[in-house]
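Below is one structure, written out as structure tokens; the observations come after it.
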Amino acid sequence: MKKKIRYVSFLLGITLMTAACSGADEKAQARYDHAEQLMNEMRFSEAKLELDSVRILYPKSYEVIKKGLQLMRTIEMREAERTIFYSDSLLNVLQAQVEPLTKNFVFEKDSAYQTTGSYIHKTQQIERNIERNYLRTQVDESGKLQIASVYFGRKPIEHHSMRLDLKDGVFAQTEEIPYDGGTNYRFTDNGNQTEVVTYTAGRDGGAVDVICLYPQERIKVTYQGKSPYVYYLDEQNKKAIVETAELAKVLSQITTLKQSKTMAERKIELLKKRIEQKAQEEREK
């Protein structure tokens, strides 16, 4: 009699466990279906959260979890496709802005040793600025902007940095660029000294930003080094810098969008292979 009671209890336990598992599977499937619906509505973040909840709440619903992994890959692929669509749309808009922005620029590229060319404002071409002090800017095709402090005079000042000052206390201080014959170089010609210090990758200390924010203000430039040298930016110089910064902004945005698009395309390629691989494994079972 006792054995019979234990057997009945065992069967009852199995029945309850089966019912519980079945109920969990139904709930897991409901969340899976909801995630699929959210994906079709392009609510990708919500869809992924819903699939995550299946794994957390119903860890024994193996079949639904397995399907969820495939759906997660599909969602990520849809996200990448959306990135490509948005990138293409914005690229069309930005690329249409480049031509009018470059009308005052010349494009320079020496194919013998340069892989990337640069845009130089027409008023800042070297041959048009011989024997003068000015700030020279240029931007490469990817949108990287650089500014250089150019000095010309009878005696060397051996400058390595510069400071911009406005009368209301606004200023910008560049980093110090040590003499290296490259980013900081100098030479003598017919007794005259020329020095050029180039500030790249944000090393201008906000100098370009100050000029772009306050183009109507009187801006004092101080070359700092062995002997300080002071002058004021002329209107032509300020205009060239502002226009170069505007072009740099658009080119930089284009570069970022192209990179995002390329990454999205690669991701789609990998996800497609992974989805097909898993589907093939299921067919072979």
Side-chain angles (χ1 to χ4, degrees), residues 94-95 97-152 159-164 172-187 189 193-215 219 221-225 229 231-259:
L94 291 171
Q95 285 169 339
Q97 296 176 12
V98 172
E99 186 174 350
L101 285 174
T102 56
K103 66 181 181 180
N104 292 328
F105 290 79
V106 292
F107 182 72
E108 297 181 356
K109 181 179 180 179
D110 190 328
S111 57
Y113 67 94
Q114 288 182 310
T115 56
T116 304
S118 295
Y119 292 93
I120 315 293
H121 199 279
K122 291 177 180 178
T123 64
Q124 293 207 319
Q125 291 177 275
I126 294 175
E127 58 269 25
R128 299 177 66 173
N129 291 277
I130 298 173
E131 300 185 357
R132 67 183 295 255
N133 297 285
Y134 71 111
L135 299 184
R136 184 170 70 218
T137 50
Q138 68 179 49
V139 57
D140 72 11
E141 293 174 272
S142 67
K144 293 178 182 177
L145 182 147
Q146 63 182 38
I147 185 169
S149 51
V150 182
Y151 167 78
F152 176 84
H159 83 289
H160 48 61
S161 58
M162 68 173 175
R163 177 183 169 109
L164 305 186
Q173 172 67 56
T174 70
E175 291 185 22
E176 183 174 322
I177 311 298
Y179 176 75
D180 60 2
T183 51
N184 181 337
Y185 72 93
R186 57 185 78 123
F187 62 89
D189 183 38
Q193 184 78 11
T194 296
E195 300 178 8
V196 182
V197 180
T198 302
Y199 313 91
T200 60
R203 303 185 74 181
D204 72 323
V208 172
D209 291 337
V210 166
I211 295 167
C212 292
L213 286 170
Y214 305 97
I219 301 175
V221 181
T222 303
Y223 290 169
Q224 300 167 319
Y229 182 85
Y231 69 98
Y232 288 86
L233 277 185
D234 59 58
E235 296 306 311
Q236 177 179 280
N237 205 176
K238 287 189 285 187
K239 183 175 184 294
I241 294 169
V242 170
E243 291 182 359
T244 304
E246 290 174 350
L247 177 58
K249 181 179 179 180
V250 174
L251 291 175
S252 179
Q253 290 174 331
I254 288 173
T255 297
T256 300
L257 285 170
K258 285 182 176 179
Q259 290 172 342

Can you find a pair of side-chain heavy atoms, one from [X] and one from [Y], that are under 4.5 Å apart?
X      : Y      : answer
His121 : Leu247 : no
Val250 : Leu101 : yes
Val196 : Arg136 : yes
Ile147 : Met162 : yes
Asp189 : Thr194 : no
Phe105 : Thr244 : yes
Gln138 : Glu108 : no

Requested in this report: Compute whether any side-chain donor of one residue and acceptor of the other, for Ser161 and Gln224, lie under 3.5 angstrom apart.
Outcome: yes

### Task
Answer with yes or no whether the side chains of Ser149 and Tyr199 bring together a donor and an acceptor at under 3.5 Å.
yes

What's the spacing between [X] [atom1] and [Y] [atom2] if we round to 0.5 Å?
X      : Y      : atom1 : atom2 : result
Leu135 : Tyr223 : CG    : OH    : 5.0 Å
Ile241 : Thr123 : CD1   : OG1   : 9.0 Å
Gln97  : Thr102 : CD    : OG1   : 12.0 Å
Leu94  : Lys249 : CG    : NZ    : 10.0 Å
Leu251 : Lys144 : CG    : NZ    : 12.5 Å
Asp180 : Tyr185 : CG    : OH    : 11.5 Å

Which heavy-atom pair separates [X] from [Y] by the least distance, and what is that distance?
X      : Y      : answer
Val242 : Pro215 : CG2-CB, 4.2 Å
Ala245 : Leu145 : CA-CD1, 3.6 Å
Glu141 : Thr255 : O-OG1, 4.1 Å

ask   = Is it the case that more than 12 heavy atoms not belonging to Lys109 sit under 6.0 Å from its NZ atom?
value =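 For Lys109, atom NZ is crowded (more than 12 foreign heavy atoms under 6.0 Å).
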
Just by distance, do the side chain of [X] and the backbone of [Y] share a donor-acceptor pair under 3.5 Å?
X      : Y      : result
Asn184 : Val197 : no
Ser252 : Gly143 : no
Glu195 : His159 : yes
Asn129 : Gln125 : yes

* To do: Using a strict 4.0 Å threshold on nitrogen-to-oxygen distance, state whether Glu235 and Lys238 make a salt bridge.
  =>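 Yes, charged N to carboxylate O under 4.0 Å.
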
State whether Lys239 and Glu243 are salt-bridged, where the test is any N-O pair (Lys NZ or Arg NE/NH1/NH2 against Asp/Glu carboxylate O) under 4.0 Å.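 The answer is yes: the pair qualifies as a salt bridge.
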
Report task. For the residue pair Tyr151 and Tyr229, categorise the inter-ring angle as parallel (less than 30°), tilted (30 to 60°) or perpendicular (more than 60°). Result ->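 Ring orientation of Tyr151 relative to Tyr229: perpendicular.
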
Exactly one of Asp234, Val150, Leu233 clears side-chain contact (heavy atoms from CB on, under 4.5 Å) with Tyr134, and that residue is Val150

